[in-house]
Amino acid sequence: MPLRPIVRYPDPRLKQLCRPVELHELPGLRQLVNDMAETMFAAHGAGLAAIQVGEPLRVFIVDAEIAGRPPTDPPLAFINPELVLLGGATELTEEGCLSFPGIYVPIERALRCRARALDLDGQPFEVEGEALFARAMQHENDHLNGRLLADYVGRLKRKMIERRLQRGDVEDDGR
Ligand code: NI
């Protein structure tokens, strides 16, 4: 069952603090990451966190092309990531999320971001990205801490977003 349903706001599972993956769990993680990749591609997303398919683990993926890799590469997987540097100027840009279909929220993010994480073999790596890649890492890392698009807007706008998503009549354009 590789394609998984995407958990949508305001499902309370999205608000939880995700837990670190333990080393003995790494072998089982490959299937989850493959499922996440298929789910992200099918939804035309740029990134996806494990909690968005219902697994409260500190794991996210970013589309290979956005991560500066050949587009035929699998998405870059980050396990137990830490953002070790946020730098450069900031940029205010509208951001989408597969858990908020059809919703875009302007969010100010650092233009440079460096992350440290484990890969699927348990090897540590560091990667630095700019612009869209930097934004994607910051967005996905937010998911691990239960921080969502709705946390970047005021109370009234948040209520509007909740109503729109609960009505379920938004067109799903897959961002
Ligand atoms: Ni998201």
Side-chain angles (χ1 to χ4, degrees), residues 2-21 29 32-69 74-83 86 90-111 113 115 117 127 129-154 157-168 170-175:
L3 264 188
R4 301 214 191 179
I6 294 177
V7 178
R8 289 185 173 184
Y9 187 78
D11 189 309
R13 285 176 290 174
L14 293 171
K15 291 300 299 168
Q16 66 193 294
L17 182 68
C18 297
R19 71 164 176 86
V21 173
L29 218 55
L32 170 65
V33 166
N34 286 343
D35 291 358
M36 287 169 61
E38 288 212 31
T39 303
M40 182 183 77
F41 286 133
H44 308 289
L48 192 72
I51 189 58
Q52 292 179 277
V53 296
E55 303 287 345
L57 296 171
R58 301 189 80 78
V59 175
F60 66 72
I61 58 174
V62 173
D63 174 77
E65 205 169 357
I66 285 172
R69 313 281 159 118
L76 192 56
F78 296 75
I79 297 159
N80 297 345
E82 273 179 88
L83 303 189
L86 289 174
T90 59
E91 186 183 53
L92 184 69
T93 299
E94 288 210 324
E95 215 168 280
C97 176
L98 292 175
S99 294
F100 292 73
I103 306 283
Y104 299 94
V105 169
I107 299 181
E108 190 163 8
R109 302 273 195 197
L111 277 166
C113 174
V127 65
E130 295 190 344
L132 193 53
F133 183 24
R135 180 171 291 272
M137 289 191 280
Q138 292 168 75
H139 176 106
E140 299 311 330
N141 195 67
D142 270 357
H143 275 294
L144 311 187
N145 300 319
R147 190 161 173 84
L148 303 168
L149 294 193
D151 297 310
Y152 288 91
V153 301
K157 178 115 193 259
R158 185 155 59 240
K159 283 283 160 211
M160 263 175 51
I161 291 173
E162 270 175 37
R163 274 201 298 274
R164 242 185 106 184
L165 291 176
Q166 278 165 339
R167 271 205 322 261
V170 288
E171 115 223 34
D172 193 343
D173 69 357
R175 263 179 43 182

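Because the structure is a prediction, the values reported are computed rather than measured. Order of listing sets the numbers, starting from 1, for every ligand and every atom in it.
Cation-pi geometry between Arg164 and Tyr9 is not met at under 6.0 angstrom from the ring centre and within 45 degrees of the axis.
Checked against Ile107 for a side-chain contact (heavy atoms from CB on, under 4.5 Å), the options Leu149, Thr93, Val153 give a single hit: Leu149.
Other residues, nucleotides and ligands place more than 12 heavy atoms under 6.0 Å from the NZ atom of Lys157.
In this structure, Met36 and Ala49 approach most closely via the heavy-atom pair CE-C, 3.7 Å.
Annotation: side chain of Asp151 is not in contact with side chain of Asp142 (no heavy-atom distance under 4.5 Å).
Under the 3.5 Å distance criterion, the side-chain polar atoms of Gln138 are matched with a main-chain donor or acceptor of Ala110.
Inspection of the environment of the Ni ion (ligand 1) yields the following protein N, O or S atoms under 2.8 Å: Cys97 SG, His139 NE2, His143 NE2.
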